[in-house]
Amino acid sequence: MARKARTEMIAETRAKLVSAARQAFGTIGYADTSMDDLTASVGLTRGALYHHFGDKKGLLEAVVKEIDAEMDDRLGRISDAAAGNWEGFVGRCQAYLAMALDPEIQRIVLRDAPSVLGSTYTQPSQSHCLATMADMLQQLMEARIIGTTDCEALARLLNGGLMNSAIWIANSEDAEADLTKSLDSLSLTLNGLLLKV
């Protein structure tokens with residue numbers, strides 16, 4: 001049997017740790033996850049965790065990046081499948097809020113990540129979201145679908161509201177009801193951007 005390349009072994013070890021952490025953080029939460037139990041569950045040592053991620057926070061950051069990428073992919077598919085740019089933009093915003101009901105996203109991305117990682121998490125994640133949103137808004141302005149303003153400022157305003165609402169929903173005692181309220185408010189806000197013809 002051929003020996004695995006070092007890069008392949010590193011990738012496998014990282015993937016095992018991220019998968020185990022995602023399972024643990026998503027079910028029992030970051031604070032209650034024991035690194036000894038987590039590493040043992042995949043036949044590795046704490047040393048492997050520290051070597052690849054630095055510490056528990058570094059592992060959480062890797063898990064969040066993986067989930068963020070999946071969320072971004074889902075949002076991309078929504079806008080790609082939409083009838084037009086406006087419908088795609090609205091669909092993305094609605095879907096982002098609805099994702100706050102997903103237990104894994106709730107616990108890892110919207111509860112633990114902001115409190116444990118702080119700006120280490122929010123800045124890179126928001127930068128990508130803001131750039132995507134600003135680009136979509138610019139296209140809507142150029143197509144004369146929405147009023148013209150600074151697309152970056154508008155993206156920051158909308159993205160901040162969406163993120164704050166998602167965190168509120170994730171921490172709510174009645175998440176379904178608060179999602180409905182948020183979607184109603186989102187509709188009112190986004191419809192206010194449309195150019196009146």
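A quick note: this is a predicted structure, and the numbers were derived from the prediction, not measured.
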What closest approach, in Å, do [X] and [Y] show between heavy atoms, and which atom pair accounts for it?
X	Y	answer
S115	R111	OG-O, 3.2 Å
I167	P114	CD1-CG, 4.5 Å
L97	I169	O-CD1, 4.1 Å
C151	Q138	SG-OE1, 3.3 Å
A155	M133	O-SD, 3.5 Å
E87	A82	C-CB, 3.8 Å

Would you please name every residue forming a ring-ring contact (aromatic ring centres under 6.0 Å, His included) with Y30, sequence neighbours left out?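 By the ring-ring contact (aromatic ring centres under 6.0 Å, His included) rule, Y30 matches F25.
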Pairing residues for [X] by the salt bridge (Lys or Arg N to Asp or Glu O under 4.0 Å) criterion, not counting sequence neighbours:
X	result
D178	K181
D150	none
R77	D73
D36	R46

Are any of the side-chain heavy atoms of [X] and [Y] separated by less than 4.5 Å?
X	Y	result
L49	L44	no
T149	M141	yes
L130	E152	no
L179	M99	no

Cluster check I28, L60: I/L/V/M/F/W/Y, side chain < 4.5 angstrom: no
Could you state whether I10 and V18 fall into the same hydrophobic cluster, counting links through intermediate Ile, Leu, Val, Met, Phe, Trp or Tyr residues with side-chain heavy atoms under 4.5 angstrom apart? no
Would you compute the distance between atom [atom1] of [X] and atom [atom2] of [Y] and round it to the nearest 0.5 angstrom?
X	Y	atom1	atom2	result
E142	T148	CD	OG1	9.0 Å
L154	L137	CG	CG	5.0 Å
C129	M71	SG	CE	7.5 Å
H128	K65	NE2	NZ	13.0 Å
R22	I67	CZ	CD1	4.5 Å

Under the rule for side-chain contact (heavy atoms from CB on, under 4.5 Å), what residues qualify as partners of [X], not counting sequence neighbours?
X	answer
A95	L75, I78
D102	R74, E104, I105
E176	L101, D174
R107	D112

Return yes if some donor-acceptor pair links the side-chain N/O of [X] with the main-chain N/O of [Y] below 3.5 Å, else return no.
X	Y	answer
T189	S185	yes
K56	T33	yes
S187	L183	no

Before you tell me yes or no, could you show the steps for F89 and I146 under side chain to side chain contact (heavy atoms under 4.5 Å, CB included), namely the whole-Å CA-CA distance, both residues' side-chain angles and the distance that decides it to 0.1 Å? CA-CA 11 Å; F89 183 75; I146 64 172; over 6 Å; no
Can you list every pair that meets ring-ring contact (aromatic ring centres under 6.0 Å, His included) and has a residue in residues 40-60, with sequence neighbours left out?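 Every candidate ring-ring contact (aromatic ring centres under 6.0 Å, His included) pair involving residues 40-60 fails, so no pair, neighbours aside, qualifies.
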List, one per line, each side-chain donor-acceptor pair under 3.5 Å for residues 158-165, sequence neighbours excluded.
from : atom 1 : to   : atom 2 : distance (Å)
S165 : OG     : G161 : O      : 2.9

From CA spacing to verdict: side chain to side chain contact (heavy atoms under 4.5 Å, CB included), T39, K16: CA-CA 9 Å; T39 52; K16 280 182 185 179; over 6 Å; no
Which is it for L59 and L38 under the side chain to side chain contact (heavy atoms under 4.5 Å, CB included) test, yes or no, and what are the steps along the way? CA-CA 11 Å; L59 184 56; L38 185 141; 4.1 Å; yes
Full working for side chain to side chain contact (heavy atoms under 4.5 Å, CB included) between I145 and L195: CA-CA 6 Å; I145 294 170; L195 280 174; over 6 Å; no
For T180, the side chain to side chain donor-acceptor pair (under 3.5 Å) test, sequence neighbours excluded, returns none
